[in-house]
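Let me begin by presenting the structure, written as structure tokens, before commenting on it.
Heads up: numbering here begins at 1 and tracks the sequence. Remember, it's 1-based here, ligands and their atoms both numbered in the order they're listed.
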Amino acid sequence: LPAIIAKVYLVGAGPGDPELLTQKAARLLQNTDIVLHDSLVSREVLDLITPNAEIIDVGKRAGQKLLTQDEINSLLVSYAVQNKMVVRLKGGDPTIFGRAGEELDALRRANVPYEIVPGVTAATAAAAAAGISLTDRRAASQVLLTTFSRGENGKQMDWGAVTSTTSLVLYMPGAEYAEVSARLRDGGLPADLPCAIVSAASGARQMVRWSNISRLATEAKLPAPALLIVGRVAAQRAHEISEQAWAALDESPPAASTTRWI
Ligand code: SAH
């Protein structure tokens, strides 16, 4: 193999608004040979790519994969071996539900130099859209970025310790809100625990719907991409954080922070 002087950058494209791109990401998009991007990356961000770069859409469209993960891994390595500078551009942050782990493994195995450039992940963009503080001294001491486990044991929750002071951010909730609601209930969360559905955070069509776990079952679906913020911090009005939310738990505030629902 020839000596590799090129590099693969795993770059976060942020949640959509190009102003939320890091300066480093913007600079790399201006100076790269190749961009491999997901379908989640916004048009406005793609417009910042230098016209000299080759742009490859490796994302999924309408559930149909354009390229398999193995094919993407091989592409990254093969371009780097050709001494090209490669930007692997992912929506949000590359290390959050972005399959970065598999790509990093492939790059390490092939001895390809790489660098990760973080981005604003959908959880914080959605919290900003909704005016929610994900941690709050009064209501939330931890944040869990999660998604439903898929596959054979898909019905089983594997969230570990979700407590009364956890803000849970559910990525890729899917279209079946009734099922989401049921699974949150199965996970031990109270029916009247507040939640907010946030769609297209930071984009022109950003939308927030305030709900709770039980009402979620009958909410009309919001357009993708959307996620759910679940927890006492998702009470629509700030004062509800201290009042309604404790009522939801049907208990007095715990002395220690170790109250577990599941
Ligand atoms: N790496 C990305 C997440 C990829 S998984 C990140 O860090 O944000 C894709 C899921 O992210 C979507 O199904 C949706 O739940 C969420 N998502 C991504 N962008 C979003 C946006 N602008 N608004 C709301 N949710 C978004």
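- A cation-pi arrangement is found for Arg183 relative to Phe148, the charged atom lying closer than 6.0 Å to the ring centre and inside a 45° cone about the ring normal.
- Within ligand 1, counting atoms from 1 as listed, the ones closer than 4.0 Å to a heavy atom of Gly91 are 1 (N), 2 (C), 6 (C), 7 (O).
- Distances below 4.0 Å separate heavy atoms of Thr121 from the following atoms of ligand 1: 6 (C), 7 (O), 8 (O).
- No hydrogens or angles considered: a donor-acceptor pair under 3.5 Å links the side chains of Thr163 and Gln142.
- The shortest N or O to N or O distance between Met172 and ligand 1 is under 3.5 Å.
- Here the protein heavy atom with the shortest distance to atom 17 (N) of ligand 1 is Ala122 CB, 3.4 Å.
- Checking side-chain atoms of Arg232 against main-chain N and O of Arg138 turns up a donor-acceptor pair under 3.5 Å.
- For atom 4 (C) of ligand 1, the closest non-hydrogen atom on the protein side is Phe97 O, 3.4 Å.
- At a heavy-atom cutoff of 4.0 Å, ligand 1 is contacted by the backbone of Val198 but not by its side chain.
- At least one N or O atom of Pro15, backbone or side chain, sits closer than 3.5 Å to an N or O atom of ligand 1.
- Selection from Thr95, Ile229, Ile96 by nearest heavy atom to atom 3 (C) of ligand 1 gives Ile96.
- A donor-acceptor contact shorter than 3.5 Å links the side chain of Asp93 to the backbone of Thr95.
- The nearest heavy-atom contact from the protein to atom 14 (C) of ligand 1 is Ala226 O, 3.2 Å.
- Taken to the nearest 0.5 Å, the OH atom of Tyr9 stands 14.0 Å off from the CG atom of Leu76.
- Heavy atoms of Ala200 found under 4.0 angstrom from ligand 1 belong exclusively to the backbone.
- Within the 4.5 Å cutoff, side-chain heavy atoms of Asp57 are placed close to those of His37.
- Atom 21 (C) of ligand 1 has as its closest protein heavy atom Ala201 N, 3.5 Å.
- Scanning the protein for heavy atoms near atom 11 (O) of ligand 1, the closest one is Tyr171 CD2, 3.4 Å.
- Counting heavy atoms from C-beta outward, Tyr171 and Leu145 have side chains that approach closer than 4.5 Å.
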Residue pair Val169, Leu228: steps toward the side-chain contact (heavy atoms from CB on, under 4.5 Å) verdict = CA-CA 6 Å; Val169 184; Leu228 239 69; over 6 Å; no
